[in-house]
Amino acid sequence: MAGEPRHFLDIADFDRAELQAILAASRAMKRTRAGAPRGQRDRNEPLKGRILAMIFERPSTRTRVSFEVAMRQLGGEVLMISATDMQLGRGETVADTARVLSRYVDAIMIRAAKHSNLTELAAAAGVPVINGLTDRSHPCQVMADVMTLEEHVGPLGDLTVAWVGDGNNVAASWIQAVARLGGRLRLGCPASLMPDPALLAWAKAERAQVTVGEDPEAAVAGAHCVITDAWVSMHDSDAASRHNILKPYQVNRRLMNMAGPGAKFMHCLPAHRGEEVTAEVIDGPNSLVFDEAENRLHAQKGILLHCLAADG
Ligand code: CP
Ligand code: NVA
């Protein structure tokens, strides 16, 4: 293996030019596929012969299927592994797992129960490791989100984005995205569910235009897009209290009306209609949620090419 593996762990690890290059590759892959005659799509198969192992410590629909389809369309193959079926589940270390898998496959994607499992895997792996969500971040999702918002509204640097609800893993990747790519992010979160103070301090030091407050109406005023996520994430155990705390943060028509005219709605899915968002908003004309889901496929092709195409 020549040089250090090109991991994709967090948006903050990249500079603006690198992220723009990944997004440009993602858009190119989307155009190529849309324009190519049937049977001739992705003809050059840049990842032919490459194998991606996917480890899931948590369930997934979009991440699992979009990575598998992306690899196949690029000519590669995938191995899907549930963590409970591995010796990892019986106490083999993450580092030994990384060393062993690196002898078999060309890259590893992990959906990790703890962020430290991702970083330990990456530290010991000899092949690129991709973050397919941890309790702390979800960078693949936010690359697809940025791609989607730019397709529908315009360059992120010109936009105001509102995050309403839990200051969770997806919110953390949005903070990193705005710090690196520009734009303004206003978070409206309950005091007990604010993003990590260390991440907010980092964003401030990076001079990112990120503001936080407890008022959802102040967060959405004049925003081009309103984003929310489930009240209870996969790693959360306090469902009942979260429902109480987050009830005033529901994205409904009244809140959307306080955003800019024509403001878009985004959500990484899975969604819970009647909880964090009403059906009329998520199923309404300004909702981008299924374009976001589709763009996971295209954005991850850009990420896979970044991680794999350059290593010979
Ligand atoms: N948005 C997202 O990552 O969905 P899955 O949990 O289905 O992968
Ligand atoms: N915040 C959610 C995102 C799911 C894709 C979770 O971590 O469960």
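Worth saying up front: this structure is predicted, and the values here are computed from it rather than measured. Both counts, for ligands and for their atoms, begin at 1 and track the order of listing.
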Considering only non-hydrogen protein atoms, determine which one is nearest to atom 4 (C) of ligand 2 and report residue, atom name and distance to 0.1 Å. Leu133 CD1, 3.9 Å
In ligand 1, the atoms that come under 4.0 Å of a heavy atom of Thr61 are 5 (P), 7 (O), 8 (O)
Do Gln87 and Asp96 have side-chain atoms, one donor and one acceptor, less than 3.5 Å apart? no
Ligand 2 to Ser233 polar contact by distance, N or O atoms, under 3.5 Å: yes
Over all atoms of both residues, closest heavy-atom pair of Gly132 and Arg111: O-NE, 3.0 Å
Just need the protein heavy atom nearest to atom 3 (C) of ligand 2, so name the residue and atom and give the distance. Asp229 OD2, 3.6 Å
Of all the non-hydrogen atoms in the protein, which one sits nearest to atom 2 (C) of ligand 1, and at what distance? Arg296 NH1, 3.3 Å
Looking only at distance, does Met234 have an N or O less than 3.5 Å from an N or O of ligand 1? no
contact_flag Leu133 ligand 1 heavy-atom lt 4.0 Å: no
Does Glu77 CD have over 12 foreign heavy atoms under 6.0 Å away? no
What's the shortest distance from atom 4 (O) of ligand 1 to any protein heavy atom, and which residue and atom give it? Arg62 NE, 2.8 Å
Is Asp291 reaching over with its side chain to a backbone N or O of Leu288, donor-acceptor style, under 3.5 angstrom? no
Return yes when atom CZ of Arg58 has more than 12 non-hydrogen atoms of other residues, nucleotides or ligands closer than 6.0 Å, and no otherwise. yes
Under 3.5 Å, N or O to N or O, is Met234 touching ligand 2 that way? yes
Does His138 come within less than 4.0 angstrom of ligand 1, counting non-hydrogen atoms of the residue? yes
Under 3.5 Å, is there a donor-acceptor pair linking the side chains of Gln300 and Ser66? yes
How far is atom 6 (O) of ligand 1 from its nearest protein heavy atom, and which residue and atom is that? Arg111 NH1, 2.7 Å
Thr160 backbone acceptor or donor facing Arg186 side chain under 3.5 Å: no
Report the member of Asp236, Asn169, Leu269 with the shortest heavy-atom distance to atom 7 (O) of ligand 2. Asn169
What's the separation between atom OG1 in Thr228 and atom CG in Leu255, rounded to the nearest 0.5 Å? 9.0 Å
Near Cys268 (heavy-atom distance under 4.0 Å), the atoms of ligand 1 are 1 (N)
So does Lys30 pair up with Glu151, basic N to acidic O under 4.0 Å? yes
For Arg64, is the nearest heavy atom under 4.0 Å from an atom of ligand 1? no
